[in-house]
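The structure under discussion appears below in the form of structure tokens.
Convention: sequence-line order gives letters A, B, ...; per-chain numbering from 1.
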There are 2 protein chains.
Amino acid sequence: MATKTYPETTPEVDALVAEVIARVADRWTMEVLEALTQGGTMRFTRIGEAIPGVSQKMLTQTLRQMERDGLVIRTVHPVIPPHVDYELTPLGFELSEAFCGVWMWAEKNCKVVAKARARFDGRAR
Amino acid sequence: MATKTYPETTPEVDALVAEVIARVADRWTMEVLEALTQGGTMRFTRIGEAIPGVSQKMLTQTLRQMERDGLVIRTVHPVIPPHVDYELTPLGFELSEAFCGVWMWAEKNCKVVAKARARFDGRAR
DNA sequence: CTGCATCCGAAATGATACTG
DNA sequence: CAGTATCATTTCGGATGCAG
């Protein structure tokens with residue numbers, strides 16, 4: 001954006017980028033990224049506890065997609081009861097760092113946004 | 001994330017941050033951000049042309065939300081046919097810069113992700 | 001404990017038609 | 001040109017039950 005300067009992007013690559021962005025910008029994906037970044041290697045249930053509001057189904061689904069995309073490593077310890085660890089790959093960690101800026105923006109400006117909304121909604125009437 | 005160190009965050013603020021992140025990390029929001037960052041002040045139709053696959057409905061909706069959140073300014077010129085300009089606010093521009101890292105990550109790694117998927121899908125069978 | 005399968009209602013989105 | 005309104009469809013997401 002401000003400093004991005006890519007001379008040549010084919011339509012196919014653009015589409016792929018858009019698709020990856022759409023996937024990665026998913027709400028739960030971002031929260032999992034955050035949880036694993038802060039918590040290191042974590043078990044399934046602990047990740048769920050770290051993310052308020054996520055259902056087991058969405059968590060499973062999100063972790064699977066992230067595994068498929070090469071963002072996390074899933075390690076199954078063949079014991080009873082099951083023990084499954086998740087951790088970020090280097091690729092996932094890079095993404096997490098990339099999102100860092102967005103996170104800080106949100107934490108810094110969430111109240112500014114709240115005020116903008118209040119003003120907008122006030123004008124609307 | 002990697003460098004984030006916020007000592008105190010109340011649950012209410014966390015929820016607000018999560019909400020703002022979820023809103024702002026929307027696929028179309030990011031694409032509009034990208035378009036306006038690169039194109040400066042743009043008209044409705046031109047933004048739509050710059051974003052492959054967006055429907056008129058989603059574009060309208062996204063721009064309204066962004067206006068409400070204080071990310072863009074919408075200027076209506078009262079002429080016939082209508083002429084409406086959109087441009088980023090300073091807040092919107094800041095967000096755009098924050099997203100820069102994610103865009104670069106995606107452009108740099110979209111093929112890596114594609115390969116990871118292929119490998120995963122191969123193992124699946 | 002982890003997580004898959006299924007069902008079902010709710011919400012998001014796309015297509016289309018219409019308007020100032 | 002820049003929307004709004006409506007309808008059809010898809011997708012999302014939660015709840016539940018079951019399995020290894």
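For the OP1/OP2 pair of dG13(D) and a distance below 4.0 Å, the side-chain nitrogens and oxygens of Arg27(A) include no atom meeting the criterion. Checking the phosphate oxygens (OP1, OP2) of dT13(C), no side-chain nitrogen or oxygen of Ser55(B) falls inside 4.0 Å. OP1 and OP2 of dG3(C) both lie 4.0 Å or more from every side-chain N or O belonging to Thr60(A). One finds no side-chain N or O of Arg43(B) lying less than 4.0 angstrom from the OP1 or OP2 phosphate oxygen of dG3(D). The side chain of Arg46(A) places no N or O atom within less than 4.0 Å of a non-bridging phosphate oxygen (OP1 or OP2) of dC1(C). Within the 4.0 Å cut-off from OP1 or OP2 of dG3(D), at least one side-chain nitrogen or oxygen of Tyr86(B) is found.
A donor-acceptor pair under 3.5 Å is absent between the side-chain atoms of Asp69(A) and the main chain of Leu71(A), judged by distance alone. Looking only at distances, no side-chain donor or acceptor of Asn109(B) sits under 3.5 Å from a matching main-chain atom of Val112(B). Under a 3.5 Å cut-off, the side chain of Thr89(B) and the backbone N or O of Gly70(B) do form a donor-acceptor pair.
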For salt bridge (charged side-chain N to carboxylate O under 4.0 Å, His left out), just list the numbers for Arg74(B) and Glu87(B), CA-CA rounded to whole Å, side-chain angles, deciding distance to a tenth of an Å, and then say yes or no. CA-CA 7 Å; Arg74(B) 175 169 174 271; Glu87(B) 62 182 315; over 6 Å; no
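Phe44(B) places its CZ atom 15 Å from the C1' atom of dG20(C), with the value rounded to the nearest Å. Straight-line distance from the CE atom of Met58(B) to the P atom of dA12(C): 9 Å, rounded to whole Å. Per the geometry, CD1 belonging to Ile80(B) stands 12 Å off C1' belonging to dT19(C), to the nearest Å. As rounded to whole Å, 11 Å separates atom P of dG14(C) from atom CG of Leu59(B). As a whole-Å value, the separation of Gln65(A) CD from dC4(C) C1' is 16 Å. When rounded to the nearest whole Å, the span between CD1 of Ile47(B) and P of dA2(D) equals 9 Å.
Contact annotation for Gly48(B): no contact, since no heavy-atom pair falls under 4.0 Å across all strands.
In this structure, Lys57(A) and Lys57(B) both approach DNA chain C, and ranking their closest nucleotides by distance from the 5' end singles out Lys57(A). Where Gln61(A) and Pro81(A) meet DNA chain D, the nucleotide closest to each residue was compared, and Gln61(A) sits on the side nearer the 5' end. Both Arg74(A) and Asp26(B) lie near DNA chain C, and the one whose nearest nucleotide falls closer to the 5' end is Arg74(A).
The shortest non-hydrogen separation linking Met30(B) to Ala25(B) is CE-O, 3.9 Å.
One can find a donor-acceptor pair under 3.5 Å joining the base of dC4(C) and the side-chain atoms of Gln56(A).
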